[in-house]
Amino acid sequence: MIFYGTSAAEGIPSPFCDCPVCRNARKVGGREVRTRTMFRIDQAHCIDLGADAYCQSLKYGDFVHLKHVLVTHTHEDHLAFIMFNIRNMAISRDSEPLHYYLTDQAYDIVDFFVNNKPILKGKMKAIIDEGIVAFHKLEFHQTYQIGNLTVTPLRGSHFGNMGENAANYLIVLPDGRKMYYGLDTGAYYEETMAALNDADLDIFISECTFGLTEGRVPEGHMDAFSCMDTFRKLYEKHAITDRTKIYLTHINHYTSTHAQLADWFAKQDVPYEITVTYDGYSIP
């Protein structure tokens with residue numbers, strides 16, 4: 001279980017930015033450098049296949065045995081359509097399609113890809129017809145067996161290119177552990193909170209996009225302060241317990257370096273463990 005990428009859309013350092021966080025990342029490197037978000041559950045499953053997927057595959061593992069891609073939403077940093085054709089150009093590949101799963105209105109983007117000829121030189125219909133990739137529509141609050149995962153998409157308060165709510169995923173892993181993947185999202189909807197009631201999660205992966213940015217309303221994305229408030233509410237609902245391991249990802253350059261954010265969370269007096277992840281971080 002590897003975090004292939006842990007940044008928001010612009011990456012850190014952002015290529016056009018000379019802010020203190022980006023300058024620090026260029027100078028220090030290592031954990032301060034973040035590529036766009038992707039999470040590899042195992043060889044067969046990942047969440048999002050986005051803008052930096054090719055370079056991430058060189059560092060953390062190829063996609064030869066990847067079979068299933070759970071898509072959070074249709075923003076380009078999470079869903080990069082060029083990856084469809086990169087698989088098409090593979091000379092030796094698995095004969096089974098690479099399966100993409102899109103929830104609710106996000107699935108409408110498939111027709112957009114097929115019907116707009118400037119997309120992949122108009123090859124999208126052939127790529128689907130020839131079994132290079134396959135698309136599947138999920139519905140919120142319905143449970144599916146995807147590979148060897150049991151998956152329930154819940155509604156995040158963040159909107160993609162097709163006007164869809166981002167899908168946050170409640171997943172039962174093959175070993176029985178329960179995981180929640182909560183990005184992209186702002187303040188949690190009541191329906192999502194209700195679905196997580198008594199979830200007793202083993203692993204909770206949360207976005208923390210705006211880091212230590214103070215005074216903002218958590219619309220569309222979280223920050224360290226709204227994360228802590230959300231964790232408190234989830235703890236009261238027994239979604240998070242003392243043994244839950246919390247991992248933070250999808251972090252931008254607006255306010256805090258990795259070191260600053262990790263130090264701030266290390267000082268929080270809570271009964272559960274919180275880790276600020278970085279590119280290449282593996283969940284034990």
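Because the structure is predicted, anything quoted here is derived from the model rather than measured.
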Query raised in the report: Taking it one step at a time, do Asp200 and Arg243 satisfy salt bridge (Lys or Arg N to Asp or Glu O under 4.0 Å)?
Result: CA-CA 9 Å; Asp200 191 18; Arg243 64 180 185 82; 3.1 Å; yes

Report task. List the steps and the verdict of side-chain contact (heavy atoms from CB on, under 4.5 Å) for Glu10 and Tyr254. Result -> CA-CA 11 Å; Glu10 65 273 41; Tyr254 275 53; 3.7 Å; yes

**Report entry** Lys237/Asp198 under salt bridge (Lys or Arg N to Asp or Glu O under 4.0 Å): CA gap, chis, key distance, verdict
**Finding:** CA-CA 6 Å; Lys237 290 180 173 292; Asp198 291 322; over 6 Å; no

Query - Candidate pair Leu170 and Val151, rule side-chain contact (heavy atoms from CB on, under 4.5 Å), full reasoning - result: CA-CA 6 Å; Leu170 180 61; Val151 177; over 6 Å; no

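Judged by distance alone, with hydrogens and angles left aside, the side-chain atoms of Asn168 form no donor-acceptor pair with the main-chain N or O of Leu154 at under 3.5 Å. At least one donor-acceptor pair under 3.5 Å links the side chain of Asp279 to the backbone N or O of Thr35. In terms of modelled atom types and a separation under 3.5 Å, the side chain of Gln268 and the main chain of Trp264 share a donor-acceptor contact. Arg87 places a side-chain N or O within donor-acceptor distance of the main-chain N or O of Ile132, the cut-off being under 3.5 Å. A side-chain donor-acceptor contact under 3.5 Å links Asp42 to the backbone of His45. Between the side chain of Glu207 and the backbone N or O of Met222, at least one donor-acceptor pair lies under 3.5 Å. Counting only distance, with no hydrogens or angles, the side chain of Tyr4 and the backbone of Gly61 share a donor-acceptor pair below 3.5 Å. Judged by distance alone, with hydrogens and angles left aside, the side-chain atoms of Glu130 form no donor-acceptor pair with the main-chain N or O of Ile127 at under 3.5 Å. In this structure a side-chain-to-backbone donor-acceptor pair under 3.5 Å is present from His75 to Phe159. With His158 contributing its side chain and Gly220 its backbone, the two residues share a donor-acceptor pair below 3.5 Å.
To the nearest 0.5 Å, atoms CD (Gln56) and OG1 (Thr37) are separated by 8.5 Å. Taken from CG in Asp263 to OG1 in Thr257, the straight-line distance is 9.0 Å, to the nearest 0.5 Å. Interatomic distance, Cys227 SG to Leu248 CG, rounded to the nearest 0.5 Å: 5.5 Å. Taking CD1 of Ile246 as the start and OG1 of Thr230 as the end, the distance is 10.0 Å to the nearest 0.5 Å.
A 4.5 Å side-chain heavy-atom check between Leu58 and Tyr54 finds at least one atom pair inside the cut-off. The shortest side-chain heavy-atom distance between Tyr180 and Ile205 does not fall under the 4.5 Å cut-off. At a threshold of 4.5 Å between non-hydrogen side-chain atoms, the residues Glu219 and Ser157 do not count as touching. A 4.5 Å side-chain heavy-atom check between Ile12 and Asn252 finds every atom pair outside the cut-off. Side-chain contact check for Leu79 versus Leu49: every heavy-atom pair is 4.5 Å or farther apart. Using a 4.5 Å heavy-atom threshold, the side chains of Phe3 and Ser282 count as separate. Within the 4.5 Å cutoff, the side chain of Met162 has no heavy atoms near those of the Leu102 side chain. Side-chain contact check for Glu139 versus Tyr144: some heavy-atom pair is nearer than 4.5 Å.
Between Thr6 and Thr277, the side chains place no donor N or O within less than 3.5 Å of an acceptor N or O (distance only, hydrogens not considered). No side-chain N or O of Thr103 forms a donor-acceptor pair with one of Glu164 less than 3.5 Å apart.
When each of Asp77, Asp52, Asp184 is checked for a salt bridge (Lys or Arg N to Asp or Glu O under 4.0 Å) with Arg36, only Asp52 meets the rule. When each of Asp111, Val110, Ile109, Val114 is checked for a side-chain contact (heavy atoms from CB on, under 4.5 Å) with Phe135, only Val110 meets the rule.
Heavy-atom minimum distance, Val71 versus Asp48: CA-OD1, 3.4 Å. Residues Leu201 and Thr244 approach most closely at O-OG1, 2.6 Å, considering heavy atoms. Closest non-hydrogen pair, Thr241 versus His238, comes out as CG2-O, 4.2 Å. Between Arg40 and Gln43 the shortest heavy-atom distance is NH2-O, 2.9 Å.
Ion pairing between a basic and an acidic side chain is recognised when a charged N comes within 4.0 Å of a carboxylate O; Asp223 and Arg216 show such pairing. Ion pair Glu191/Arg155 flagged as a salt bridge, since at least one NZ, NE, NH1 or NH2 atom sits closer than 4.0 Å to an Asp/Glu carboxylate oxygen.
Separation of the Tyr281 and Tyr278 ring centroids falls under the 6.0 Å cut-off. Proximity of the aromatic rings of Phe204 and Tyr181 is defined here by a centroid distance below 6.0 angstrom, and this criterion is not met. The aromatic ring centres of His68 and Tyr101 sit less than 6.0 Å apart. For Phe112 and Tyr107, the ring centers are positioned 6.0 Å apart or more.
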Show me the donor-acceptor pairs within less than 3.5 Å that the side chains of residues 20-27 make with the rest of the protein, sequence neighbours left out.
unit_1, atom_1, unit_2, atom_2, d
Arg23, NH1, Asp18, O, 2.4
Arg26, NH1, Cys17, O, 2.9
Arg26, NH2, Ser14, O, 2.8
Arg26, NH2, Cys17, O, 2.9

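Ring planes of Tyr235 and Tyr272: tilted class, angle from 30 to 60°.
Under a hydrophobic clustering in which Ile, Leu, Val, Met, Phe, Trp and Tyr are joined whenever their side-chain heavy atoms come within less than 4.5 Å, directly or via other members, Leu212 and Val270 fall into the same cluster.
Summarising the local packing, CD of Glu190 is surrounded by 12 or fewer heavy atoms from other residues, nucleotides or ligands at distances under 6.0 Å.
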